[in-house]
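Written below as structure tokens is the structure these notes are about.
Chain naming here is simple, since letters A, B, ... match the order of the sequence lines and numbering starts at 1 in each.
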2 protein chains.
Amino acid sequence: MAHQVTIKDLARHLNVSVATISRALRDMPEIKPETRQAVLQLAKEWDYQPNILATSLVKSRTKTIGVIVPDLAYHFFASVIKGIEAEAIARGYSLLLTQTSELYERELINVQNLSRGQVEGFIISLSQETVDLDHLKRLQRKGIPLVFFDRDAQELDVSKVMVDNVGAAYEATKHLIDNGCKRIAFLAGPQSVTVSNQRLEGYGNALKDHGMLVEDELILHGEYALSKAVAITHHLLNLENRPDGLIVVSDRLAVGAISALKARNIKIPDEVAVVSFNDEPICTVITPTLSSVAQPTLDIGRNATSLLIDEIEDAAGTFKPEIQILKTQLIVRESSQRLK
Amino acid sequence: MAHQVTIKDLARHLNVSVATISRALRDMPEIKPETRQAVLQLAKEWDYQPNILATSLVKSRTKTIGVIVPDLAYHFFASVIKGIEAEAIARGYSLLLTQTSELYERELINVQNLSRGQVEGFIISLSQETVDLDHLKRLQRKGIPLVFFDRDAQELDVSKVMVDNVGAAYEATKHLIDNGCKRIAFLAGPQSVTVSNQRLEGYGNALKDHGMLVEDELILHGEYALSKAVAITHHLLNLENRPDGLIVVSDRLAVGAISALKARNIKIPDEVAVVSFNDEPICTVITPTLSSVAQPTLDIGRNATSLLIDEIEDAAGTFKPEIQILKTQLIVRESSQRLK
DNA sequence: CTGAAAGCGCTTACAG
DNA sequence: CTGAAAGCGCTTACAG
């Protein structure tokens, strides 16, 4: 590997000290204009790039944020990352993006690697497997700030940017009730996932507020796997008293549910109406188009980043963790809109 | 921000030199077992993490690869990244993931930032806007290795992992011909995109080999935008002699084409058969399910990484750039399968 | 306006 | 088996 041009090379060639080079490159006012000119010109000519490792080391600052998400291929996360990126760039920070593939072990490794002086703070959405929080508590002990979004850990007193999942599910459920559904099932995620549980709660609240029963046989937990969603839907359809409405915890799983419904020639929305969450692009493409609750992904990313940087740059030590609950928006499409 | 534990802190507390700490932590054989024990225990107790910036600086090695893709939200790139990640981890390298949002300017900035001592090599898929290659030539001049995948620049003599787009399009076109299509249109990407042009070439070859004419009015270039695909499809349908087969350069655009066909009540595949490229998850979900050419994304990522690391670690200086052309696989679904 | 020196957190010959 | 010293590529008081 070729030798990179350093400040020393420039200094030697121009017969000045490295200190002068350093100052000239950073436009410090005390440098004589001719000197600065010469330095800048040579730097350009030799395509000098300052070594960011050295700068970070001496300044004890990297201006870099570590981002850890379950999977970059999930549209939701890719979309939140766009928000994170926008805010980070605007405030002069770089990103280190990593994914855990939903594995606790990879989350642990990513946190450890990045906390070896590489980042000044973390934005994290927990892996599905994560139960043990030691890796995150260690960050806190070291004073490295941390912000959660989407999948948090209740136990930790840190900033969080969440959406009002209870309210979102309430609205979705009410929407089905308004469209005449009498028996609404809920296809949930794993029992351990907060987001899923909150949506379940909103669903329950809506049923109760409208004089309907919350029935255990209508609440089923799957993993985040399409095949599981298909199986659960078939199970629901085999019930003696089958549901006429279905709330699915994610679009991804809703795709499975819809294919099961289609396979049995069940009319959507007339026999079973469906609403899900996330409003991924797929919702507009599937037949029937899928009603879904949209999350403000860009804002989630932007706000999480803003909170994190505020905390990083809080010299006074007065920063208090802040929990933001952003509003969602139900997008009604064919899968739930019954023509009365 | 709290002070991170350093080698110096450990040395002071144990009354040994930093050199001894450094050696003990890295399990060097010359250290006395008791000393090593004491060091390791204290390091654990204090949760010591070596500062990777310092290590990288002194070793002049980061064992990190920079990855630059147009958009992480494109399923294709997210999927290739999984392959890159797998190989990188296996060979002890880390990744720095960045996206350009298809902007040349962001590509330039990403290349510059990462080449400030942060990465030892790059895996790049060019942004749609990229024409000027100076930023990449500068990398070459500095001896920083570079591997392309998917979207390359012909001009540069570097390793590339591509797919046989000509062959893939030939197969897709032949498939439509075999299914009785007599007039096959091609919805291409921008004129400057190599991948699109290669597919166009395969399409032309197939037509010629089967005694069909290549007609300019049946070849239309769009941007990678859904609305554009819709408009182009309508235009095709308005032709005096309209096509009965359609090859679309990406699944994303095919979704637009299909929605235009549906809007005009054209039967797929009987009136117009459709095949596209990439085999994204959407193909199995859309109605009708979409025939598409699958790319070996994991292999693309793995092979690109393997080539890059081989070049990085090529002490002998004997590495020669290698161009790999991987095979694709046509996945036939409803949109192109006519029942004869 | 410029330079010598110390230091960021490590590693590594060299000496003992 | 261990330590002192030099050095990776920078920045920054301090002195002149």
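- Stems are defined here as 3 or more consecutive Watson-Crick or G-U wobble pairs with pairing distances under 3.5 Å; those involving DNA chain C are C:1-3 with D:14-16, C:5-12 with D:5-12, C:14-16 with D:1-3.
- Between B:Thr130 and B:Leu136 there is no side-chain heavy-atom pair separated by less than 4.5 Å.
- In summary, B:Asp310 and B:Arg91 engage in a salt bridge, as defined by a charged side-chain N under 4.0 Å from a carboxylate O.
- Straight-line distance between the P atoms of D:dG7 and C:dA4: roughly 16 Å, to the nearest whole Å.
- With rounding to the nearest 0.5 Å, the separation of CD1 in A:Ile84 from OG in A:Ser306 is 12.0 Å.
- Straight-line distance from the CE atom of A:Met28 to the P atom of C:dC1: 13 Å, rounded to whole Å.
- Rounding to the nearest 0.5 angstrom, the gap separating the CZ atom in B:Arg26 from the CD1 atom in B:Ile31 is 9.5 Å.
- Put simply, the side chain of B:Ser125 never gets that close to the backbone of B:Ile68: no donor and acceptor are under 3.5 Å apart.
- For the pair A:Arg61 CZ and D:dT12 C1', the interatomic distance rounds to 17 Å; values are reported in whole Å.
- Atom CD1 of B:Ile52 and atom P of C:dT11 are 11 Å apart (whole Å).
- If you check every strand for non-hydrogen atoms under 4.0 Å, B:Ser56 touches nothing.
- Contact of the A:Gln99 side chain with the A:Tyr74 side chain is not registered, since no non-hydrogen atoms from C-beta on lie closer than 4.5 Å.
- Remark: B:Lys8 NZ is loosely packed, at most 12 non-hydrogen atoms of other residues, nucleotides or ligands lying under 6.0 Å away.
- Atom CD of B:Glu105 has 12 or fewer heavy atoms from other residues, nucleotides or ligands within 6.0 Å.
- The distance from atom CG of A:Leu25 to atom P of D:dT11 is 8 Å, rounded to the nearest whole Å.
- Side-chain contact of B:Thr100 with B:Ser127: a donor-acceptor pair under 3.5 Å is absent, judged by distance alone.
- Distance, A:Asp27 CG to D:dT12 P: 14 Å, rounded to whole Å.
- B:Glu30 places its CD atom 15 Å from the P atom of C:dC14, with the value rounded to the nearest Å.
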TODO: Could you encode protein contacts along nucleotides 3-9 of chain D as a string, one character per nucleotide from 5' to 3', using B for base contact, S for sugar-phosphate-only contact and - for no contact, with a heavy-atom cut-off of under 4.0 Å?
DONE: BB--BBB

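- A:Leu14 places its CG atom 14 Å from the C1' atom of C:dT2, with the value rounded to the nearest Å.
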